[in-house]
2 protein chains.
Amino acid sequence: MTAALTEMTPFNRDVQYAAKKQAVILSAAGAFRRRGYHNTSMVDIAKSLGLTKAALYYYVSSKEEILHQSHLATYAQMDEILKTRIDAPAALDKLEALYHRFVIMLTRSGASLLTDVNSLSAEPKAEVLARRTTIERKIIALVKAGQKDGSIRTGDARLLVFFFMGALNWLSAWYDDAGPMGADDIADHFAAQMRAGLTA
Amino acid sequence: MTAALTEMTPFNRDVQYAAKKQAVILSAAGAFRRRGYHNTSMVDIAKSLGLTKAALYYYVSSKEEILHQSHLATYAQMDEILKTRIDAPAALDKLEALYHRFVIMLTRSGASLLTDVNSLSAEPKAEVLARRTTIERKIIALVKAGQKDGSIRTGDARLLVFFFMGALNWLSAWYDDAGPMGADDIADHFAAQMRAGLTA
DNA sequence: CATAAATTTGAACCTTGAGTCAAATTTATA
DNA sequence: TATAAATTTGACTCAAGGTTCAAATTTATG
């Protein structure tokens, strides 16, 4: 029964292919975050995977696709976090829990939210920005809920959100795996500071 | 007396030259912030000034110099702000006033703190980062002072600073001159949120 | 007006790096 | 082992964009 065999992950060609493609994207995403999209060549990406530039094109159609996919991967993770059911009394508590996860996700994955969206051509760029907007909207809605239930103080919800989301983005710029601070420490700190800034 | 004449700004060649050079740098800095360093060509920069690519090289030795100088220009402004004497009782009050000015400066000037430092070669990059570090240190020191005088709550001062400085950087990414929000509105909002996040 | 200095330009040059492709190599299957 | 499919490679093409430079143009000065 070859059918049974092909279903076993390590022997399934499609699965292997997809896994390698992901490896390409994630490895590149890390490099993009550290050095920047344009300061990372296809040769760089290939070398860090023990491959040749040409081999990358077996998994990917262009450098732009890598950038595109790396953004989508990050947003997929954020969507995932946003989906997690958190039963907390006030909206502020939910928001704090979400934010905590965001910080950990970003430090762990090494992803960034702002790496060169402008280097994408019109269509993928629009998609990525739409994705970002959707997420922002959800967070803004949560803040508004908090303002209604009295846990979050008044003010332009959009601005309140942009403030602490900025901290998240800047994080990718300075965070260093090898540094002294663990992801959890930072997450605790940031979540606390975020909460304090919003508390009614 | 040509001496007197040459001192008159509009007729002084050196002054004119310096002014035009600044125009090149500031115009480019704005484009870098909006589109990114690598998505802005020398032709783009020249066109937006009504010049030709080649003419730029009369004022500047390389594209890299433009990036370098645009960073230095921003940090010079921040240094200026940091120098302003602010007599407030607690360190937290001083910090809030400073932060308010930072926000206004960044929205007005259209400068950014994070545009492609990595695209600079070793020496200028080191200089820019050193400059940034110096500024960060001063702010961290102020936070520590606030923790001592009891106005700012405890916690890793470095992290506290990175949090609200992130909001500042992210600002450059989304702020739009043409948008509905005035610089002052944003500054008020951000300063308040910053303060709330730090208050003991 | 004539001359020199300052400023700008068009037309090249040159390097970098993305993308292509036919051939080589590795891996799976019978 | 022989064959086919999957994977990888070396060598090449090609375009984009930064940089140079001698000549043209503009501006200031005597």
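Chain naming here is simple, since letters A, B, ... match the order of the sequence lines and numbering starts at 1 in each. These values consider heavy atoms only, across backbone and side chains, with no hydrogens, waters or symmetry-generated copies.
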Query raised in the report: How many Å lie between CD1 on A:Ile45 and P on C:dG19, as a whole number?
Result: 10 Å
Query raised in the report: In this structure, are over 12 heavy atoms from other groups packed under 6.0 Å from B:Arg158 atom CZ?
Result: no
Query - Euclidean distance, atom CG of residue B:Leu56 to atom P of D:dG18 [Å, nearest integer] - result: 10 Å
Report summary line: Taken to the nearest whole Å, NZ/B:Lys20 to C1'/C:dA6 is 9 Å
Query raised in the report: In whole angstrom, what separates A:Gln16's CD from D:dT8's P?
Result: 11 Å
Query raised in the report: Between A:Lys94 and A:Asp87, is there a side-chain N and carboxylate O pair less than 4.0 Å apart?
Result: no
Report summary line: note: B:Tyr17, atom OH; D:dA28, atom P; distance rounded to Å ~ 17 Å
Query raised in the report: What about B:Lys53: does its side chain form a donor-acceptor pair under 3.5 Å with the base of D:dG18?
Result: yes
Query raised in the report: Tell me: CE of B:Met42 to C1' of C:dT16, nearest whole Å?
Result: 17 Å
Report summary line: Regarding the side chain of B:Tyr57, the nearest nucleotide among D:dT20, C:dT8, C:dA18 is D:dT20
Report task. Using a cut-off of strictly less than 4.0 Å, decide whether B:Tyr59 has a side-chain nitrogen or oxygen near OP1 or OP2 of C:dT7. Result -> no
Query raised in the report: Can you tell me if the side-chain N/O atoms of A:Tyr58 get under 4.0 Å from OP1 or OP2 in D:dT7?
Result: yes
Query raised in the report: Is there a side-chain contact between B:Leu159 and A:Gln193, using heavy atoms and a 4.5 Å cut-off?
Result: no
**Report entry** Spacing between B:Glu65 atom CD and D:dG18 atom C1', to the nearest angstrom
**Finding:** 14 Å
Report task. Kindly say if B:Ser41 contacts the phosphate of D:dA16, meaning a side-chain N or O under 4.0 Å from OP1 or OP2. Result -> no
Query raised in the report: For the ring pair A:Phe162 and B:Trp170, is the centre-to-centre distance below 6.0 Å?
Result: no
Query raised in the report: When the distance from CG of A:Leu49 to P of D:dT9 is rounded to whole Å, what number comes out?
Result: 11 Å
Report task. Choose from D:dT8, C:dT8, D:dG10 the nucleotide whose nearest atom is closest to any side-chain atom of A:Ala54. Result -> D:dG10
Requested in this report: Compare the minimum distances between each of D:dT8, D:dG18, C:dT8 and the side chain of B:Lys63, then state the nucleotide with the smallest one.
Outcome: D:dG18
Query - Side chains of A:Ile139 and A:Phe102 in contact at under 4.5 Å (non-hydrogen atoms) - result: yes
